[in-house]
Every structure is written in C-alpha cells, then in structure tokens.
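All remarks here apply to the structure that follows.
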Amino acid sequence: MVPKLADSEEIAVRAAIHGRRRRRRLVQWSLGIASVIFVVGVYDAITHLPGSNPAIVPPLHDIAGSAGSLIAAGTLPSAAAASLETVAMGYAIGCSLGILIGSLRGWFRIMGYLLDPIIDSLRPVPALAYIPLVILWVGIGEDARVLVISVAAFLSCVVSVSAGMREVPVVYVEAARTMGASRARVFWTVAIPASVPYIFTGLRVAVGAAWGTLVAAELIAAQNGLGFLLEAGQQFLETSQVMTSLVTIGVLGFLMDAILRVLQGRVARWAPVDSGT
Amino acid sequence: MAENSRMPVSLNVGVGEPSVPSEVTLEARNICHYFLPVKARRALLVIDGVSLTIARGTFTAIVGASGCGKSTLLRIFAGLVSPSKGEVLLDGEVTRGPDPRKGMVFQEDSVFPWLTVQKNVEYGLRARGRKGDVVRAEATRWIQAVGLEGFGEAYPRELSGGMRKRADLARVYATNPEVLLMDEPFGALDALTREALQADLLNLWQELRKTVVFVTHDLDEAAYLADVVVFMSPRPGRVTAILPVPLGRPRSPRIRTSPEFFALTRRFREQFGYAELGGSRALAGEAGTP
Ligand SMILES: Nc1ncnc2c1ncn2[C@@H]1O[C@H](COP(=O)(O)OP(=O)(O)O)[C@@H](O)[C@H]1O
Ligand SMILES: [Mg+2]
C-alpha cells in the first residue's frame, strides 16, 4: 500500500533530508557560539577601556588564571560537585512531588478544590523566605539546603503540570470514555501523556529555580559549594573567583536544560520540541 | 495513495443477516437541552423536544444547519452529556454514561497524537481489557480495512487529515460497537477525500450492517449514505421531518449522478426551505446567542 522508492532514490531522498537537518543544526550552533563570543568580546573590550579597574572588572586572562588555579587546587571541582549534589537531591524531590501533586490537582476537580488554596498561597512566597524557618527546624546544613531547593523546584514545577492537565482537549477524554476507558485509565493514558510537553516545561523552569535557590542558600549557610565560593570571592575581593563561579553555575544549569531537552525529544517524539533541532 | 483506495470488502467480522429491520435499538424520548452561556442572563435552549426511534441495522442521517445542536444531540446519545430533560434508551435501557455498545466518531480531530496509528487502534481493545497478540492482530486488520496499511507506526501528525480520519474510523470499528455515532466525520475534508471515505464507509456498512447515526450538514452525503434522513430546524433544534431514502442497496458512487439522486436531494433542499429563504435560516442558526 505504501509506495516504495527504489533504493538509489531512497538514499538520495534521505541524504537531502539529513543534509537539510544538518545545515540547520550547523546554523544553530554557529549562531549560538557567535553570540557567546560576542558577549565575551564586549566584556573584553570593557576591561580594556582606560580607567577600568581590574580588581572590579577583571580582564579575561585574570579570570582564566583564577579558574585554572581553582581547578588545579581542586576547589572548583569540589564546589561544583557539592552544589550539583545538593541541587540534584532537591530538584528530584521537588519535581517528583510537583508532578504528582500537580497532576492530581489539575485533573481531579476535588483535588483541585483541596489543594488550590494551599498551593496558590504558598506560590507567591519565594522559596528563600523559608530559609529562616528551615534553619530553625533542621539547622544549618545539607538538609536545610535540600529542603529549600525542593520547595523552589516544587513550586515552579507544580504550576506548569496542573496547567497542562487543565489544557487537555476534552475531545480526547470523550473519545477514550466512549471507547470504554475507565476514569483511572483516562488519567494514565490520556491526561498524563497529553500533558507531557507541559511537564517538561515545568521541569525546565524548575532547573532555574533550583540553582537560584541553591546559590542563595549557600551564600547564607555553607562551607563548600559554588555559592560559598562566590561569597568568599566577594569577601576577599577576588572578583575573578566570583566570575568563575558564576560561569560554572551558568554552564551546569545549561547542561541540565540540554539534557532535559534531549529527553523531551525522546519521550514526546509525537510533539515537536519548541526550540532547537 | 491511501486517500483514494477502497476498503477491501473481505472482512469476516461475525455479523450475520441483518436482524428484523423494524427492531428498535436506539430511542430518544423528548430530549431537551439548555446551555447557560457565560455572558447570558437566560439559559439557551439548544435542543427542543427531540424524539426519535432508530431501528437496528439502519443508517440514519441527521441533517441541520450549523449550530442547531447536532453535536450536542449526538453527545447525549453517546452518554457524554446528560440532557436537561428526556432520556436516551439503548435496547430499552436508559443511558447513564458512555457505553461500550456505542462508539463515537467526533467532529474534531480526536486521534491521540501521542500514540502511533497502531496504538490508537489498539486503545479501545485494551480499554476493554483485551490483551496480547490478538489485540495487535485485530488492530492491524482494521488498519488495513480502512486503507492505512503501512502507516501503523506513523504518528498522527505525520498523516494527512483524511488519513487521520481513517485512523479514527479504524479505532472505533475495532471496538465493534452495536451503534456507531458519527458527528460530521468527513466535514473537514476536501471533496475528493470525502467522497472516497463515504464510499468506503458505505462498503463497510453493507458488510457489517451496524446501526449508524450519522450527523451532517451535507444533504448529498445524507442522501448517498442513509436509509432515513432526519431534518432538524435551526436552534432550537427540533425534528421537522423524517424522510426515507428510496434508493436501492448496495449503492455505488455512480448513483450520485443519477436523476433519482438529483430529484431526491432537490426534495431535501426544498424540505429545508433553502429555495425560498436563500439560506437565511441557516445563517440564523449560525449566529451567536439570540
Ligand atoms: N458548552 C457550551 N456552552 C454554551 N453553549 C454551547 C455549548 N456547546 C454548544 N453550545 C451552543 O449550542 C448550540 C449547538 O451546538 P452544537 O451542538 O455544537 O451544534 P452543531 O453541531 O449542530 O453545529 C450552538 O449554538 C452553541 O453555541
Ligand atoms: Mg457539530
């Protein structure tokens, strides 16, 4: 029934399609790299302006030197590892709860009635505002940081997940019901898959929230981690160290987002991913 | 290719001779339905006292202008909406919700975009608790029957509108309902694809003799497919006439260019009053809340 191409034609057609995709990806990468180089270049130009203070606006080679020695001394890798571990824990806890609670309150009206007032009144409170309370309850330590990050990840994830559940087109539910699906089956086989793109949006927003909160939590209470490094850099007027920490946080966040994007492409092949490829 | 292929009429689904034609299967008793539009002070009467009896194994078309409540009526038949007044009976039993004996094809695109065609067609079978290779084989058979062979692993967004509708049909046929409710299934398709799908549907119906309730606003479609045509007035929807279609069976697409067919559709148009009113009644139905 499907008309088949001759092998030679098939190869030509594939090559053309793959070529187009490759060219698009090439343009994407080149532009992305170009824009990063541009920003770095502008920064470099600023450091060369007459009267710019290298202690405040360190030139690129100072930052590179600082990064090099921080890496050589093992300070940066250990800080990054510590932060990554904390973020990963908090993010995993927060997002799991976010998906669970978000889908229940978004899908089952009764759960919405029960949970909406609580979640909607927690939401405007920034996760950082819980730090004093968390410190009082569990003390200053890893637990406190994980807890605060969980709250941040949860709050940004839950909103998107329940929005996705509420956006599921009614006709899909009706179709499933007339085909004999029970309400529970509709939840698992219609509501969840239909809102996968929204779930990923929630997960990606939560990456930013988790890192933001981590740094703030480490600024206040940590002996290790990127936030601690940042804070120490400021106290000892090591602006290069501040810059190095900032860039590291940015790169780690970017990588987490990239992983999620790839995952989304895999899990939701049926829905085109918004950006890239 | 798949757009214009005919369904092979070689399905050995176990439906024997059509049962006694006069046997009633679906019955609507004095159905009224109101909506409360967001910005209106008064409830909007959409369906006003519709009573119908639909005989087993017949093909009934319901025609009416857009907005006259056809989709709402079909959702009520399906048990998805409970009417403000009145009741729907299937084999003498009052409908209280969706029922595995009633399948529905929706006006909107309702094939699940997150499942492949194969998984879409398997969906209803699995929802009924069937498992394993049987399900896969059954789905494959229906995919072939609607002319989508080779597209089982495609996702809906990789198909044309007509192919998606075919997948939708396969999905409903696979659940083998007693009554098929179809809401303008071909309304969104181009004329050629629509005619191909109509012919395929007719072949399949000839084979299976399901009870079909087919909503449309296309009088030619109604005349070509149905045994009986139910006319509805613009909102509020009432039954204004029930006319038989005196065309023999089986019908080939050629019948559509015959003089009897023209005479019949002309009769239908007069029934609607288009000739005198120049379609203004249809437009009245299209407008928003009165
Ligand atoms: N959920 C709803 N709320 C309010 N009004 C509705 C709703 N659904 C449909 N209607 C109104 O009911 C009327 C009939 O709709 P529908 O059954 O979709 O008509 P048809 O299928 O014949 O075009 C329309 O005028 C529409 O405005
Ligand atoms: Mg409609």
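Chain A is the first sequence line, chain B the second, and so forth, proteins listed ahead of strands; every chain is numbered from 1. Side chains are part of it too, since the values below use all heavy atoms of this structure and drop only hydrogens, waters and symmetry mates.
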Please classify the contact of B:Arg75 with chain A as side chain, backbone, both or neither, using a heavy-atom distance under 4.5 Å.
side chain
Verdict with reasoning, A:Glu174 to B:Met104, per side chain to side chain contact (heavy atoms under 4.5 Å, CB included)
CA-CA 9 Å; A:Glu174 292 183 326; B:Met104 178 146 172; over 6 Å; no
Among pairs that include at least one residue of residues 179-194 of chain A, which meet side-chain hydrogen bond (donor to acceptor under 3.5 Å, both in side chains), considering only residues two or more places apart or in two chains?
A:Thr189-B:Tyr123
Determine the minimum heavy-atom distance between A:Thr178 and B:Arg128, stating which atoms define it.
O-NH2, 3.8 Å
Which residues, numbered in order, of residues 105-115 of chain B come under 4.5 angstrom of chain A by heavy-atom distance?
B:Phe106, B:Glu108, B:Asp109, B:Ser110, B:Val111, B:Phe112, B:Pro113, B:Trp114
Please flag which part of A:Val173 lies under 4.5 Å from any non-hydrogen atom of chain B: side chain, backbone, both or neither.
neither
Heavy-atom pair count under 4.5 Å with chain A, highest-scoring of B:Gly124, B:Gly129, B:Pro177, B:Pro156:
B:Gly124
Evaluate whether atom CZ of A:Arg14 has more than 12 neighbouring non-hydrogen atoms of other residues, nucleotides or ligands under 6.0 angstrom away.
no
What parts of residues 89-100 of chain B touch chain A if we use heavy atoms and a cut-off under 4.5 Å?
B:Pro98, B:Asp99
So, does A:Arg177 use its side chain to make a donor-acceptor pair with the main chain of B:Leu80 at under 3.5 Å?
no
Note: A:Trp270 and B:Arg157 closest approach over all heavy atoms is O-NE, 2.7 Å
Can you confirm whether more than 12 heavy atoms, excluding those of A:Asp120, are under 6.0 Å from its CG atom?
yes
Can you confirm whether more than 12 heavy atoms, excluding those of B:Glu158, are under 6.0 Å from its CD atom?
yes
Among residues 88-112 of chain A, which residues come closer than 4.5 Å to chain B, judged by heavy atom distances?
none
Winner by heavy-atom pair count (cut-off under 4.5 Å) against chain A, out of B:Ala174, B:Gly79, B:Ala127
B:Ala127
